[in-house]
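Below is one structure; the comments refer to it alone.
Only a predicted model underlies this, so the values are computations on that prediction, with no experimental measurement involved.
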Amino acid sequence: LHHVEFWSTFFYACVEAFALIYTPRAISSISGRPTLLKVLLFFDVVATFCPAVLVTLNLEEFETIAHQIEYLNELTMAFVNLVLLAS
């Protein structure tokens, strides 16, 4: 069940990134700081991919660190969600 949780979080981050990258409006019109938004999107995708891979490799060994990375990444996900809502 943990595999599904972590991989679905990763795919959600990818959908968020694609939604912002391929929007019909320019990314500079969505955010006043487009470079910061791109960096946050990149960090969001990477920070959800790493725990998913760790849990897939060895759940018992990496469960705690994977959850901690995921909790830290919730901050970037919340910011990206606010940008999506505001646009």
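In this structure, the side-chain contact (heavy atoms from CB on, under 4.5 Å) partners of F18, at least two apart in sequence or on a different chain, are C14, Y22. By the side-chain contact (heavy atoms from CB on, under 4.5 Å) test, S8 pairs with no residue at all, sequence neighbours left out. With sequence neighbours excluded, no residue forms a ring pair (Phe, Tyr, Trp, His ring centres under 6.0 Å) with F62.
With rounding to the nearest 0.5 Å, the separation of NZ in K38 from CD1 in I21 is 8.5 Å. The distance from atom CG of L75 to atom CG of L40, rounded to the nearest 0.5 Å, is 10.5 Å.
Grouping Ile, Leu, Val, Met, Phe, Trp and Tyr by side-chain contacts under 4.5 Å, direct or through others, puts L59 with F6, V55. Hydrophobic cluster membership of L57, counting Ile, Leu, Val, Met, Phe, Trp and Tyr whose side-chain heavy atoms lie under 4.5 Å apart directly or via other members: W7, F10, F11, V45, F49, V53. V46 belongs to a hydrophobic cluster whose remaining members, ordered by chain and number, are F42; membership requires side-chain heavy atoms of ILVMFWY residues under 4.5 Å apart, directly or through intermediates.
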N/O donor to acceptor pairs below 3.5 angstrom from side-chain atoms of residues 66-74, sequence neighbours left out:
unit_1 : atom_1 : unit_2 : atom_2 : d
H67    : NE2    : H2     : NE2    : 3.3
N73    : OD1    : T76    : OG1    : 2.6
N73    : ND2    : D44    : OD1    : 3.0

